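Nothing fancy with the numbering, it's 1 onward along the sequence. These figures come from a predicted structure and were not determined experimentally.
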Amino acid sequence: MSNTASHTDIIIAGGGMVGAALACALAEQDFSIALLERREPTEDWPQDSHDIRVSAISRASQNIFSHLKAWPGMVRRRVTPYEQMCVWESSGAKIHFHAADIGEPDLGHIIENRIIQIALWERLHALDNIDIHCPASISGLDLDENAPRVVLNNGTQLSASLVVAADGARSSLRELAGISTGGWGYDQTAVVCTVRAEKGNQATCWQRFMTHGPLALLPMDDDLFSIVWSTTPEQAQELTEMPAGDFDEALTRASEERLGRLELQGERGAFPLRLQHAKQYIKPGLALVGDAAHVIHPLAGQGVNLGLLDMAELTDVLVRARGKGHPLGSLHTLRRYERARKGENIAMQGSMDVFKRVFSNDLPPLKIIRNLGMGVTERLLPVKNLLIRNAMGTLGEMPSLARSFHE
């Protein structure tokens, strides 16, 4: 590469939810940003349609969006708070969480991914120190802790003090950097869609554990749910291809009619599930965030929340490094980010992996253990409260952006 590359403080590859949030956060801290994205999101969807991809946004993530001034844009479009969570098995064992038990107005919000992204892009366009390259894809990478550089497919060259890969599970930047990944497929596929419930959504997230995987019903609007049905690839194909009426019957049976009859609204999608983690989160001049660093089973809805904590932690690390005059891309700087996030992400991945394996199993000893565990947890309010506060992201030391305005 030549030395004619234009220079910014930070290059971010990927303008999805995590990458766009990071660009906003760093720009708010007066860093100059070059954001690279293949396709800019547009708000051209019909008003009565719903995105089949949604996220369960924790309180910590809500705080991040509020600090970035993107939360009002999401609320203006459509967010659904949920006050309760009900988890059950066919045996009758269940755990029920309620926001009132911990003195909170809600446990979190269900938001369509496209709404999160478009609200963040509104903020991107309002900030003068973000240079958006779109459409853009990267064909070359030259890592150096002082001035890493990228070359785009159109020949444009960019240099920065740090390059951040926020370009998803199949990150091209991660591959160009030679960072390998570990993990495994789950032999499960998630069927996702929007359905209408006869009994309304009751401001409640519902999740039933079944032999082949969990069925999650995430509330949207008054009587709608977003469905995430994790099952075998073979059954997933059947569920996506069968007539709508047959799908309604199968889904209603799987939900044990807790919400009455469920009726499909619009399209169905199917996504293979896997666990994946990058062996390294950093190299000189490079940091990985979000799905580029880790992919998790969706049964606890923590994927995007972990990614948002990544970008919030990286923001804190870079602000501190600049204040001390340390190079942004040095391993000395970036190791603080990796130490803060890698262990926590792997621990969450591990716990979700154990949950998946324990609950997707009909062995009698495991069923007895599950039922006992759920029964004890349901009766012990302090344990329940600890679990739900942890899921909300209100326990432990949080990055600055993830804290409420009152902390």
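Put simply, the residue from V54, D51, I111 that forms a side chain to side chain contact (heavy atoms under 4.5 Å, CB included) with M220 is V54. Paired with L36 under the rule side chain to side chain contact (heavy atoms under 4.5 Å, CB included), one option of L158, I12, D167 passes, and it is L158.
In summary, R53 and E112 do not engage in a salt bridge, as defined by a charged side-chain N under 4.0 Å from a carboxylate O. Residues E249 and R261 are paired through a salt bridge, judged by an N-O separation under 4.0 Å between the basic side chain and the carboxylate. Of the charged side-chain nitrogens involved, none lies within less than 4.0 Å of a carboxylate oxygen, so that R339 and E313 do not count as a salt-bridged pair. Ionic pairing of E145 and K283 is not present here: no N-O contact between side-chain nitrogen and carboxylate oxygen is shorter than 4.0 angstrom. A salt bridge links E397 and R403; the closest N-O separation between the charged side-chain nitrogens and carboxylate oxygens is under 4.0 Å. Under a 4.0 Å N-O distance rule, the pair R77/E43 qualifies as a salt bridge. Of the charged side-chain nitrogens involved, at least one lies within less than 4.0 Å of a carboxylate oxygen, so that E344 and R341 count as a salt-bridged pair. Under a 4.0 Å N-O distance rule, the pair E122/R76 qualifies as a salt bridge.
Aromatic pair H109/W71: centroids less than 6.0 angstrom apart.
Residues T194 and H50 have side chains that never bring a donor and an acceptor to within less than 3.5 angstrom of each other. Looking at S55 and N113, their side chains do bring a donor and an acceptor atom within 3.5 Å of each other. Using modelled atom types, one finds a donor on one side chain and an acceptor on the other under 3.5 Å when comparing R59 with Q62. There is a side-chain donor-acceptor pair under 3.5 Å between H125 and E40. There is a side-chain donor-acceptor pair under 3.5 Å between N345 and Y281. Side chains of S32 and D9: a donor-acceptor N/O pair is present below 3.5 angstrom, by distance only. With no hydrogens or angles considered, no side-chain donor-acceptor pair links Q276 and H294 at under 3.5 Å. Remark: the E256 side chain and the W88 side chain contain an N/O donor-acceptor pair separated by less than 3.5 Å.
Ring orientation note: the planes of H332 and H326 are nearly perpendicular, at an angle over 60° on the 30°/60° scale.
Here the side chains of L275 and V295 are not in contact, with every heavy-atom distance at 4.5 Å or above. Considering only heavy atoms from C-beta on, I116 comes within 4.5 Å of I57 through its side chain. Counting only heavy atoms from C-beta outward, the side chains of Q235 and H212 approach each other to under 4.5 Å. At a threshold of 4.5 Å between non-hydrogen side-chain atoms, the residues I52 and E267 count as touching. Contact of the L286 side chain with the V164 side chain is not registered, since no non-hydrogen atoms from C-beta on lie closer than 4.5 Å. Residues H133 and L152 meet the side-chain proximity criterion, which asks for heavy atoms closer than 4.5 Å. Using a 4.5 Å cut-off on side-chain heavy atoms (C-beta onward), I227 and L215 make contact. Using a 4.5 Å cut-off on side-chain heavy atoms (C-beta onward), T181 and R174 make contact.
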* To do: Apply the test side chain to side chain contact (heavy atoms under 4.5 Å, CB included) to residues I10 and L318: give CA-CA distance (whole Å), side-chain angles for both, the deciding distance (0.1 Å), then the verdict.
  => CA-CA 10 Å; I10 299 163; L318 296 178; 3.8 Å; yes
* Step-by-step side chain to side chain contact (heavy atoms under 4.5 Å, CB included) determination, R78 to I115 -> CA-CA 7 Å; R78 186 162 54 212; I115 285 177; 3.8 Å; yes
* Decide yes or no on salt bridge (charged side-chain N to carboxylate O under 4.0 Å, His left out) for E175 and R170, but give the supporting numbers first. => CA-CA 8 Å; E175 292 181 6; R170 298 180 180 178; over 6 Å; no
* Can you check side chain to side chain contact (heavy atoms under 4.5 Å, CB included) on S61 and V304, steps first, answer last? -> CA-CA 9 Å; S61 295; V304 70; 5.7 Å; no
* Verdict with supporting geometry, L120 and F65, side chain to side chain contact (heavy atoms under 4.5 Å, CB included) -> CA-CA 8 Å; L120 287 167; F65 293 146; 4.2 Å; yes
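A donor-acceptor pair is defined here as one N or O able to donate and one able to accept, closer than 3.5 Å; such a pair exists between the side chain of R268 and the backbone of L239. Counting only distance, with no hydrogens or angles, the side chain of T8 and the backbone of I33 share no donor-acceptor pair below 3.5 Å. D142 contributes no side-chain N or O that, together with a main-chain N or O of P148, makes up a donor-acceptor pair within less than 3.5 Å. Counting only distance, with no hydrogens or angles, the side chain of E37 and the backbone of G15 share a donor-acceptor pair below 3.5 Å. N305 contributes a side-chain N or O that, together with a main-chain N or O of S58, makes up a donor-acceptor pair within less than 3.5 Å. Under the 3.5 Å distance criterion, the side-chain polar atoms of T189 are left unmatched by any main-chain donor or acceptor of T232. Distance alone, capped at 3.5 Å, places no donor-acceptor pair between the N153 side chain and the A136 backbone. Between the T231 side chain and the G213 main chain, no donor and acceptor come within less than 3.5 Å of each other. Looking at D221, its side chain never comes within 3.5 Å of a backbone N or O of L224 through a donor-acceptor pair. Side-chain atoms of Y337 come within 3.5 Å of backbone atoms of L288 as a donor-acceptor pair (strictly under, hydrogens ignored).
Taken from CG in D223 to CD in Q202, the straight-line distance is 11.5 Å, to the nearest 0.5 Å. Atom CZ of R336 and atom CD1 of I282 lie 11.5 Å apart (nearest 0.5 Å). Note that CG of L309 is 12.5 Å distant from CG of L314, once rounded to the nearest 0.5 Å. Considering CD1 of I11 and OG of S161, their distance stands at 9.5 Å, rounded to 0.5 Å. In this structure, the separation between NZ on K69 and CG on L127 is 8.0 Å, given to the nearest 0.5 Å. Here C193 contributes atom SG and F247 contributes atom CZ; the two are 3.5 Å apart, rounded to the nearest 0.5 Å.
Taking the ring axis of W45 as reference, the NZ or CZ atom of R114 stays within 45° of it and closer than 6.0 Å to the ring centre. Annotation: cation-pi geometry satisfied between R322 and F31 (NZ/CZ under 6.0 angstrom from ring centroid, within 45° of ring axis). A cation-pi geometry, defined here as NZ or CZ lying under 6.0 Å from the six-membered ring centre and within 45° of its normal, does not hold between R208 and W229.
Environment of CG in D128: sparse, with no more than 12 heavy atoms of neighbouring residues, nucleotides or ligands closer than 6.0 Å.
Here the closest heavy-atom approach between residue A166 and residue V289 is recorded as CB-CG2, 3.6 Å. The nearest pair of heavy atoms linking T204 to W206 is O-CD1, 3.3 Å. Of all heavy-atom pairs spanning I64 and A312, the tightest one is CD1-CB, 4.0 Å. Listed here is the closest heavy atom pair of F225 and G200: CE1-O, 3.7 Å. Shortest non-hydrogen contact noted between P327 and T333 is O-OG1, 2.8 Å. In terms of heavy atoms, A292 sits closest to S171 at CB-CB, 3.8 Å.
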